[in-house]
Number of protein chains: 2
Amino acid sequence: MKHKGIPDETIRRLPVYLRGLIFLQEGGQDRISSSKLGDFVGVQSWQIRKDFSYFGEFGVRGVGYEIKKLIDGIKEILKLNKVQNAALVGAGNLGSAILSYPGFELYGFNVTMAFDNNAKKIGKKIKSIEIMDVSKLDILKKKNVRLGIIAVPRSEAQEIANALVKAGVKGILNFSPCYIMVPKKVKVMTIDIAGYLARMPYYTLNG
Amino acid sequence: MKHKGIPDETIRRLPVYLRGLIFLQEGGQDRISSSKLGDFVGVQSWQIRKDFSYFGEFGVRGVGYEIKKLIDGIKEILKLNKVQNAALVGAGNLGSAILSYPGFELYGFNVTMAFDNNAKKIGKKIKSIEIMDVSKLDILKKKNVRLGIIAVPRSEAQEIANALVKAGVKGILNFSPCYIMVPKKVKVMTIDIAGYLARMPYYTLNG
DNA sequence: TTGTGCATGTGAACGCAATCACAAGTTCGG
DNA sequence: CCGAACTTGTGATTGCGTTCACATGCACAA
């Protein structure tokens, strides 16, 4: 199933809906209206209905949405039905935190491998995952890992990205504060943590 | 100086430009064209020119932009001229990494206080910052800290946000994967790390 | 069976941001 | 001084995503 003409912003909101719905389901609920869901996840109800409508009819008029059906639907759209493995590069403070981050599981991700270039770290374990030498990145191809997470200093990020691409990675989540160049077929998402904070004063300091 | 009618997307890109320009400046460069800068930070040249043009004329036709002038200009727009203190709540894996994160300094931020509700952590130090009891959050008012960073489990995030607002915080950077309700005068930015990863399969698994 | 209340789905209108195309200004060589 | 090569700044255009308004459909009570 190909989803053409779907706004990127809609795709960005789907994980937000998904986690809200899973939480509601865990609370024992099995049905919800767009406006209740909207209040819960912080999105307007018409936005939610519009987003879902791109993919067909998920709800029942006059009734609402069946939570399980929505969850399954979103997972299928986002292709989250199979567990996917990811590899981390850079086992510093941030990298270690990511390796231990419990939030990935919800969406079916497993960070199963970790790499670093620091000899002191190589061989050690974090959460039962052994840190390997970054020069062994090629192993990802064999292990069929298609997602890479970069948490190295800016100066090394591009080099690591090149190695990941060479190792057959299709998507890169980049925590280094820099632009990374990759072939068009590879998707890069950069999370610039400090960049978020940098916008705060603009919005909060009225002058 | 008030900046009305500036696209939010432009504001979002300013920190990207800023960090690129600072890097170029450290490399000894003092002038650059929009297209060279664009190649460096991953933005189209016309987009850069358009963004700058909202704030007046920063460059010289036929010549380019003076890097120092741009840096000063962006810092003024984003109100990054004064060092600003921030407080972290939640000294778990992610929180500790944020506390040690070196990237905030570039934009003039200092994470100067840390809080947790775990008795075992209270009193300990991370990077010379002592972890305080979360019940003492009110001290932020006295210390004039206006930015809060939330890195606690989802179940506690709203509660912590309430406490931060009560303590006079004007901006909240939220790493908990949930929607947070605050008074309109307070700005919340949520970074849902797993949410980024959750979109990867959509873009990389073609089928 | 009919009426009332509620909630979805969607075409249309609107608004914001990206993109384009080019006029205006600078530099430099000769 | 002139022309060629650059580069900025910006009005106009296009495209995308949000917002709106309401037709459509279900549930339930009487």
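The analysis underlying the following values was restricted to heavy atoms, covering all of them including side chains, and did not include hydrogens, waters or symmetry mates. Sequence lines set the chain letters: A, B, ... in the order given, protein chains first and strands last, and positions in each chain run from 1.
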Looking only at atom types and distance, does a side-chain atom of [X] sit under 3.5 Å from a main-chain N or O of [Y], one as donor and one as acceptor?
{"X": "B:Gln158", "Y": "B:Met181", "value": "yes"}
{"X": "B:Ser96", "Y": "B:Ala91", "value": "yes"}
{"X": "A:Lys170", "Y": "A:Val165", "value": "no"}

Checklist outcome for this item: residues 17-46 of chain A vs salt bridge (charged side-chain N to carboxylate O under 4.0 Å, His left out), sequence neighbours excluded, gives A:Arg19-B:Asp192
Rounded distance in Å - [atom1] ([X]) to [atom2] ([N]):
{"X": "B:Leu70", "N": "D:dT7", "atom1": "CG", "atom2": "P", "value": "15 Å"}
{"X": "B:Arg49", "N": "D:dC6", "atom1": "CZ", "atom2": "P", "value": "15 Å"}
{"X": "B:Phe55", "N": "D:dG9", "atom1": "CZ", "atom2": "P", "value": "13 Å"}
{"X": "A:Glu57", "N": "C:dT10", "atom1": "CD", "atom2": "P", "value": "5 Å"}
{"X": "A:Ile67", "N": "C:dA7", "atom1": "CD1", "atom2": "P", "value": "14 Å"}
{"X": "B:Phe58", "N": "D:dG9", "atom1": "CZ", "atom2": "P", "value": "9 Å"}
{"X": "B:Ile6", "N": "C:dG15", "atom1": "CD1", "atom2": "C1'", "value": "16 Å"}
{"X": "A:Tyr54", "N": "C:dG9", "atom1": "OH", "atom2": "P", "value": "14 Å"}

Next on the checklist: Which residues pass the salt bridge (charged side-chain N to carboxylate O under 4.0 Å, His left out) test with A:Glu66, not counting sequence neighbours?
Outcome noted: none
Quick one about [Y] and [X] (side-chain donor to acceptor, distance below 3.5 Å, no hydrogens or angles considered), yes or no?
{"X": "B:Ser176", "Y": "B:Arg154", "result": "no"}
{"X": "A:Asn110", "Y": "A:Glu105", "result": "no"}
{"X": "B:Tyr196", "Y": "A:Asn174", "result": "no"}

Checklist entry - Using the C1' atoms of the five pairs at each end, what is the angle between the end axes of the helix from C:dT1-D:dA30 to C:dG30-D:dC1, to 10°? => result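 Comparing the first five pairs with the last five, the axes sit 0° apart.
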Checklist outcome for this item: Whether each nucleotide of nucleotides 23-30 of chain D has a protein heavy atom under 4.0 Å at its base (B), only at its sugar-phosphate (S) or at neither (-) is summarised, 5' to 3', as BBBSS---
Item to check | Sidechain N-carboxylate O distance under 4.0 Å for B:Asp8, B:Arg12 | outcome: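 Answer for the salt bridge query: no.
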Checklist entry - Which ones in residues 20-47 of chain A lie close to DNA chain D, meaning a heavy atom under 4.0 Å from one of its atoms? => result A:Trp46, A:Gln47
Checklist entry - Are B:Phe104 and B:Tyr107 close enough that their ring centers fall under 6.0 Å? => result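 Not under 6.0 Å, so no.
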Checklist entry - Taking only N and O in the side chain of B:Arg12, is any of them less than 4.0 Å away from OP1 or OP2 of C:dA18? => result no
Checklist entry - Just to confirm, is there a sub-4.0 Å distance from OP1 or OP2 of C:dC6 to any side-chain nitrogen or oxygen of A:Tyr65? => result no
Next on the checklist: Can you work out whether A:Lys50 or B:Asp51 has the more 5'-proximal nearest nucleotide on DNA chain C?
Outcome noted: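 Counting from the 5' end, the first nearest nucleotide belongs to A:Lys50.
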Item to check | A:Lys69, A:Lys75, A:Lys68 screened by salt bridge (Lys or Arg N to Asp or Glu O under 4.0 Å) with A:Asp72, the one that passes | outcome: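 Only one option passes, and that is A:Lys68.
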Next on the checklist: Heavy atoms from C-beta onward define the side chain here; which of D:dG17, C:dA17, C:dA12 lies closest to that of A:Glu9?
Outcome noted: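 Within the option list, the nearest is D:dG17.
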Checklist entry - In chain order, what residues pass the ring pair (Phe, Tyr, Trp, His ring centres under 6.0 Å) check against B:Tyr17, with sequence neighbours excluded? => result B:Phe52
